[in-house]
Amino acid sequence: MSDLGELYQEVIFDHYRRPRNRGVLAGANRKAAGYNPLCGDKVTLYLKVEDGVVKDVSFEGTGCAIATASASLMTEALKGKTEAEAQALFGRFHEMVTASSAVPQAEMGKLSVLSGVREFPARVKCATLAWHTLQAALHGEDRTVSTEE
Ligand code: ZN
């Protein structure tokens, strides 16, 4: 973590201390849970999808700073996106935290604060947990996704 930029750290810890969109979502019609046994991170994601658009999203769970901040930032980024846009964002996010080529910061907005986890392979699963859970929820799979499958 010490190698992450100061601003990035600030945003991550802000979302860790005060997660956005946390709690059960009333009226949710998609739900999935995720578990990262390597770190102990757990997340449950609730989505309200109408006419192919993510109208609302929330999450619950316990996890490290990276997992919690990633879930919080993801929920902010998803609202108002179509399912296809959400899928595409997942792809770009995954690329940002795993690939050697940089994904333009402008394209990722606030999510780019998590780009630094690329330098810490053990934390990549913390950062992607909520996103893998999103995949399951979008596919209507109400099951627990494990990062170790
Ligand atoms: Zn973690």
Side-chain angles (χ1 to χ4, degrees), residues 4 8 11-99 101-149:
L4 295 178
Y8 283 12
V11 175
I12 289 168
F13 283 112
D14 178 50
H15 277 262
Y16 176 50
R17 281 190 297 260
R18 298 186 302 119
R20 319 301 199 265
N21 307 306
R22 186 173 218 173
V24 179
L25 180 64
N29 53 12
R30 307 279 181 89
K31 177 183 155 230
Y35 178 45
N36 172 18
L38 287 184
C39 181
D41 307 313
K42 286 181 185 167
V43 66
T44 302
L45 193 67
Y46 301 89
L47 294 175
K48 188 177 177 187
V49 180
E50 279 172 5
D51 303 324
V53 175
V54 179
K55 296 279 188 190
D56 209 353
V57 51
S58 77
F59 78 102
E60 284 189 299
T62 52
C64 65
I66 298 288
T68 304
S70 183
S72 175
L73 287 159
M74 182 187 80
T75 58
E76 280 195 327
L78 285 177
K79 278 189 200 180
K81 292 244 183 323
T82 65
E83 290 184 74
E85 286 168 344
Q87 291 282 3
L89 194 60
F90 165 81
R92 295 301 273 161
F93 183 83
H94 199 263
E95 200 176 329
M96 181 183 80
V97 296
T98 57
S101 61
V103 173
Q105 189 178 339
E107 193 180 322
M108 299 307 291
K110 240 197 233 177
L111 291 169
S112 58
V113 299
L114 289 161
S115 60
V117 302
R118 201 167 53 204
E119 314 296 328
F120 306 86
R123 312 312 299 273
V124 169
K125 284 172 179 170
C126 301
T128 55
L129 176 66
W131 292 85
H132 285 293
T133 308
L134 167 69
Q135 286 281 95
L138 286 174
H139 291 132
E141 300 168 26
D142 188 354
R143 63 182 178 98
T144 300
V145 181
S146 173
T147 54
E148 296 307 299
E149 273 171 10

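The structure presented is a predicted model; accordingly, all values stated were derived computationally and were not measured.
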- Task: Could you please spell out the steps behind the side chain to side chain contact (heavy atoms under 4.5 Å, CB included) verdict for Gln87 and Gln135?
- Result: CA-CA 7 Å; Gln87 291 282 3; Gln135 286 281 95; 2.4 Å; yes
- Salt bridge or not for Arg123 and Asp41, using N-O below 4.0 Å? no
- Task: From the options Lys81, Lys110, Arg22, select the one residue that forms a salt bridge (Lys or Arg N to Asp or Glu O under 4.0 Å) with Glu76.
- Result: Lys110
Indicate yes or no: at least one non-hydrogen side-chain atom of [X] is less than 4.5 angstrom from one of [Y].
{"X": "Leu47", "Y": "Leu25", "value": "no"}
{"X": "Lys125", "Y": "His132", "value": "no"}
{"X": "Phe120", "Y": "Cys126", "value": "no"}
{"X": "Arg20", "Y": "Asp14", "value": "yes"}

Work out which heavy atom in [X] is nearest to a heavy atom in [Y]; give both atom names and the distance.
{"X": "Ser72", "Y": "His15", "value": "OG-ND1, 2.7 Å"}
{"X": "Ser146", "Y": "Pro37", "value": "OG-CD, 3.7 Å"}
{"X": "Met74", "Y": "Leu111", "value": "N-CD2, 4.1 Å"}
{"X": "Lys79", "Y": "Asp56", "value": "CE-OD1, 3.1 Å"}
{"X": "Gly23", "Y": "Ser58", "value": "O-OG, 2.6 Å"}
{"X": "Ala65", "Y": "Ile12", "value": "O-CG2, 4.1 Å"}

What distance do [X] atom [atom1] and [Y] atom [atom2] have between them, rounded to the nearest 0.5 Å?
{"X": "Leu129", "Y": "Ile66", "atom1": "CG", "atom2": "CD1", "answer": "12.5 Å"}
{"X": "Thr133", "Y": "Lys31", "atom1": "OG1", "atom2": "NZ", "answer": "12.0 Å"}
{"X": "Leu73", "Y": "Tyr16", "atom1": "CG", "atom2": "OH", "answer": "14.5 Å"}
{"X": "Phe93", "Y": "Thr98", "atom1": "CZ", "atom2": "OG1", "answer": "9.5 Å"}
{"X": "Glu107", "Y": "Met96", "atom1": "CD", "atom2": "CE", "answer": "10.5 Å"}

- Item | Flag for Glu60-Tyr46: side-chain donor and acceptor within less than 3.5 Å | yes
- Looking at Val124, Thr128, Leu89, which hits side-chain contact (heavy atoms from CB on, under 4.5 Å) with His94? Thr128
- For the pair Trp131 and Phe90, name the ring-plane relationship: parallel under 30°, tilted 30 to 60°, perpendicular over 60°. tilted
